[in-house]
Amino acid sequence: MMAAAQPETIFEIKRSSIYFCRKAKERIQLGKGFFGVVFKGHYKGEKVAVKIVQDGSMNPQDFLNEAQIMRTMEHPNIIKLLAVCTKKEPIYIITELMKKGSLLEYLKKNRQTLDISHQIEMAVQVACGMDYLENNLYIHRDLAARNVLVGENVYKVADFGLARVLIKAPSDSPNSQYYRVIEGVCLPIRWTAPDAIVSNRFTIKNDVWSFGILLYEIMTFGMEPYANIKNNNKLIKRVTGGYRMPCPRDCPENMYQIMSACWMMQENDRPLFESLHTMLSDLQ
Ligand code: AMP
């Protein structure tokens, strides 16, 4: 009898094949996010980012299954997953290195030099990456400026699929105030469509809602969404009741119209990423 085909796990690598870059003997930290700490390293002669996931926050087998799908995603606006270490905790996630870090920090740091043409370019590139995920029937679940990375004139969607396999919200990580676990699913409340919060059901149209929030972050140079409503329960009630954020200062009306279309109450009324990509490209 033939043995059942094993899922291909070539990209499961030995920890020893990763070299961590150091400064004064300390590993160089690129950042700390909701899923763990990220370090600069080398793998197979290439500069990489190594994310060390906090112990207990994911089931290694669930993550490995998800990672098998993630690594098939190849697009200039999607972060390339290069390898993983899942045999024991902590899990390592090795991706291409993005020199300028997260879009959220980039927006906050560079607001003096960025103008509307840069903002539209960011939106177009993220929409292009999401159009690719949409075509591949892949749902991100955690699209936000903190999960977009910046290189030389390039913006790439990162951290897709991770929210699906997260089983425990790491409590001491930055941004943890934005996430809440509802029926075992970790949700970034301020970026999640009200229908997805209520039904705990996710479609690409929830990503479209989140993309509208991401456009808001881009147009406000990284302001917190709904900054005036601190309480998450109150926020859910207000948004379910029809409240939407007003047009940000200096945001062109046509850009606000696109954002607002992403926040239509009925998910069928929200555009697909394919048309968002076209509409945003038309603004260039
Ligand atoms: P994350 O856990 O993905 O939210 O990452 C936390 C922080 O680490 C980000 O905000 C970035 O500043 C940095 N980072 C994550 N991945 C990369 C990468 N591939 N290249 C460069 N910096 C990264």
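For ligands, and for the atoms within them, numbers begin at 1 and follow the listed sequence.
- With ligand atoms numbered from 1 in the order given, ligand 1 contributes 17 (C), 18 (C), 19 (N), 20 (N) to contacts under 4.0 Å with heavy atoms of Ala49.
- Salt bridge absent: Glu46 and Lys80 never bring a charged side-chain N and a carboxylate O closer than 4.0 Å.
- The side-chain heavy atoms of Ile213 and Arg190, taken from C-beta on, include no pair separated by under 4.5 Å.
- For the pair Val48/Glu96, no side-chain contact is recorded, criterion being any heavy-atom separation below 4.5 Å from C-beta on.
- The Lys32 neighbourhood of ligand 1 comprises atoms 6 (C), 7 (C), with distances under 4.0 Å to a heavy atom of that residue.
- For a threshold of 3.5 Å applied to N or O pairs, the pair formed by Lys51 and ligand 1 contains at least one separation below that value.
- By the 30° and 60° cut-offs, the orientation of the rings of Tyr138 relative to Phe160 is perpendicular.
- Of all atoms in ligand 1, numbered sequentially from 1 with element shown, those under 4.0 Å from a heavy atom of Thr95 are 19 (N).
- The closest approach between a heavy atom of Glu105 and any atom of ligand 1 is not below 4.0 Å.
- Counting heavy atoms closer than 4.0 Å to ligand 1, residue Ser102 contributes atoms from both its backbone and its side chain.
- Residue Met98 has at least one N or O atom closer than 3.5 Å to an N or O atom of ligand 1.
- Counting heavy atoms of neighbouring residues, nucleotides and ligands inside a 6.0 Å radius, atom NZ of Lys23 does not exceed 12 of them.
- Residue-level proximity to ligand 1 for Leu104 is absent, since no heavy atom of it falls below 4.0 angstrom.
- With Phe202 as the aromatic partner, Arg141 meets the cation-pi criteria of under 6.0 angstrom to the ring centre and within 45 degrees of the ring axis.
- If you chain together hydrophobic residues whose side chains sit under 4.5 Å apart, Ile52 and Ile28 never meet in one group.
- Which parts of ligand 1 touch Asp159 is read off a 4.0 Å heavy-atom cut-off, strictly below it: atoms 1 (P), 3 (O), 4 (O).
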